[in-house]
Amino acid sequence: MAKLNINGKTRDVNAEPDTPLLWAIREQLGLTGTKYGCGVAQCGACTVYVDGEPVRSCQLPISSITAKQKIVTIEGASSKIVKAVQKAWLENDVPQCGYCQSGQILAAASLIKTKPNPSDEDINREMTNICRCGTYNRIRAAIKQAAAAVRAA
Amino acid sequence: MNAMDFSRRKFLVGAGTAAGGLTLGVSFGAQDALAQTGKTPEVNAWVVVNADDSIVVRIGRQEMGQGTITGLAQLVAEELEADWSKVTYEYPTPGQNVARKRIWGDYATSGSRGVRNSEKYMREGGAAARMMLMQAAADGWKVPVAEVTVAKGVITHAKSKRKTTYGKVAAAAAKLTPPTNPALKDPKTWTIAGKPLKRLAQGGKVNGKQVYSIDFQAPGLLNAAVRDCPIWGGSLKSFDAKAAEKMPGVKKVLKIENAVVVVADTWWRAKTALDAVKIDYDGGKFAALDSKAIDDMLNEGLGATEAFIGNKGGDVQAAISGAAKTVEATYSMPYQSHAPMEPMNATARWTADKCEVWTSTQNAEAALATTSQAAGLPLDKCDVYRMDLGGGFGRRATSQDYVRQAVLIAREMPGQQIKLIWSREEDQLHGCYHPITKCKMTGALDKDGNLTGLHMRISGQSILATIRPEALDKGRDPATFQGLNAGGAEGAIGYTIPNILVDHAMRNPPVRPGFWRGVNNNQNAIYLECFMDELAKEAGVDPLEFRRKMMKNHPKHLAVLNAVADKIGWDKPAPKGVYRGLAQHMGYGSYVAACAEVSVNDAGTLKVHRIVAATDCGHAVNPAQIERQIEGSFAYGLGAAMFQEITIKDGRVVEENFDSYPILRMDDMPAVESIIAPTGGFWGGVGEPTIFVAAPAVLNAIYAATGKRVRNMPIKNTDLRKA
């Protein structure tokens, strides 16, 4: 039985140690906002924060995470930056099918945290999550809008 | 609350169904189920008005990210004179559609027909509901209906200064006889439709709350992982599940047709146990098939004497033999996987007298038929609850194979609700791929550089021959010629060429084909539009001028082409180091054109900087969502053109995941400027058309940049460094 700190609460997880964090989050903890897309850390749909850093949870066994490390999923992400990103996402009407957007939003908020005024090159380099619907240009616009809102706050 | 009710409640929440009385969770197989379960009766099949004035529009077509639901709700709300802020939607199940004699029409959401093929009955549904609501108010006031007016769901009798709302008269309206053939508004007077409104139901997509079918949860739900025989025409010979059966959480290891299935408490445990099953396949007669063999098969077709005719005018052979100059080129397009972000999945529960499925599909009626067949139960003992899709792109329209598997698994454990999820690898290996074709182009130029003859010999796979053989016309697949037809409202060639022959040597490898966003228009536009550039070069004429000379009788094709040329400034030089390419095409009733600006550096790396795109879809129901479909089409089409190919080795697909099947990402996404230029009088699709011109515009720009003609997709296989 592993203990994981998810969205501010310590939870018991009844799963084998090599279970990827993604599936522990989805199946043991019932938080389905974190998505399975590829299972090989290519697409970023499974992005969550571990101690504030974005990680691709499909490749991270739960045995590699201690109970002290803070895991935050889209359901629990509530920083000012995340909220600004979500607001910009809605104002730009970004999502199409929406499946990848949990990961996109967490990746975008992380980018703004490290680069408060991200350039196009920064966005190209850091936003590597796959969107099959092709919302990239709306994502780019929303990131810039959210970053500006955070800087102005 | 029993488990079934609970699971349905979860579905309701996930589907974003309107609050206020109405539920989709109906007693199984009930006639007229939707109408009878709500606190408020429906005004008609399309419109339910709750007591709080919220309006629920019922829609047969499926949302999958393309915005159709918002557009259709706008059309209903427009005719209804509704307050848009109070409009939501819900999906009647296919079982309910069967019970009501298909009152909600065709559920198939493919071929860019979501709006264009349902606008009439949806608008009439909204108009009829408005008339009934106004009549009910007039009856209540005992005044002639001609004296009442309505705006934003508020009905007014000016003479007596009385007002009421839709919510207050809905119950009385529901008792009235619906009018027949209600008059529809002139689109020029639209105030809700035609406007760039935001999509419905976006909130759950930014906070993780939207429930896709892969997210479906219910108490006691088991999960299944599957590994189907990956070899085309192969079969499952034997498997050893001794180790797997002892692994944590495993409930059962099964054989379903040619697939091994592990059912466990969680999917990860099912998948882990499946990896421990030793499986032996019989490769069958295609066990040695590879891409080279398929290429040889298609090459033979390029020169074959017999072929199905798609478009024939004049005498092309005479034109070619009498030409001042003939030009030849052969192009090819590989298999493509749809790769929607949400892998195929479905939840099923089977008992001897009913079968239920919860899934994401582009065609819930086909899913219902599949369920009925796999369940061995009649349609009225089955239903499919429609969940949100993490993308479709034609995969979830072509085949309901994942539904079939889920039902067959559920039959092995009666009464047990089981969710089947395909791994990404399973999804890649068992796709319905964009068909493989090649095309030999032969053009005849006269001494003045006019195109006097064109022969397009397509060789390759027919989608319909495998997927819908009943739609073949004496063996001929008419869909092969999308966008190359002599005329018609669906997809006509945009050039007048005195002698033309477009024919198809059908060569069908055993790899399963399918409808992939844009379908056969994609390669047909590459073949025709890139060859037009080749001909223009040989004729010594500017590619735009060369096209224009043949487009006098095709004003709508020409108008979108001119629109992109004007906006990009075709007659002025491009920025230094940047090169341009044009393309135009018509499909799914819409006219599209694009002009791409690219650069290729000394290392041969391609950068697509900017694309200007124009669409004439007749009526533009939501310009903001059309813009998003245009952008998305470039992402989808350029990813395929630049990087993606499904290849075959040892009888199976090689590319199992995104590491070997790369998807276009942010850094390769061009800036897109959209020109939406609806000319009225017809209804064209918008979900697919722009994809047709994505690749050819870029390919023509690559030639301008490098002098290299890339004729074989994907582009990555060609060295773009300047010779």
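Chain letters run A, B, ... following the sequence lines, proteins first and then strands; every chain starts at 1.
- The minimum heavy-atom distance between B:Pro343 and A:Gly37, with the atom names listed, is CG-O, 4.3 Å.
- Shown here is A:Lys115, whose NZ atom has no more than 12 heavy atoms of other residues, nucleotides or ligands within 6.0 Å.
- Taken from CG in B:Asn207 to CD in A:Gln86, the straight-line distance is 6.5 Å, to the nearest 0.5 Å.
- At a 4.5 Å heavy-atom cutoff, the contact between A:Glu27 and chain B is made by side-chain atoms alone.
- Within the 4.5 angstrom heavy-atom criterion, only side-chain atoms of B:Phe393, from C-beta onward, approach chain A.
- B:Arg665 contributes atom CZ, which lies 4.0 Å from atom CD1 of A:Ile130 (distance to the nearest 0.5 angstrom).
- Between the side chain of A:Gln96 and the backbone N or O of B:Arg628 there is at least one donor-acceptor pair closer than 3.5 Å.
- In this structure, the side chain of B:Lys198 engages the main chain of A:Glu91 through a donor-acceptor pair within 3.5 Å.
- Checked by atom type and distance alone, the side chain of A:Tyr36 pairs as donor or acceptor with a backbone atom of B:Arg424 at under 3.5 Å.
- Residue A:Leu22: no heavy atom, backbone or side chain, is found under 4.5 Å from chain B.
- To the nearest 0.5 angstrom, A:Arg132 atom CZ is 9.5 Å from B:His338 atom NE2.
- Residue B:Asn657 touches chain A through its side chain alone, counting heavy-atom pairs closer than 4.5 Å.
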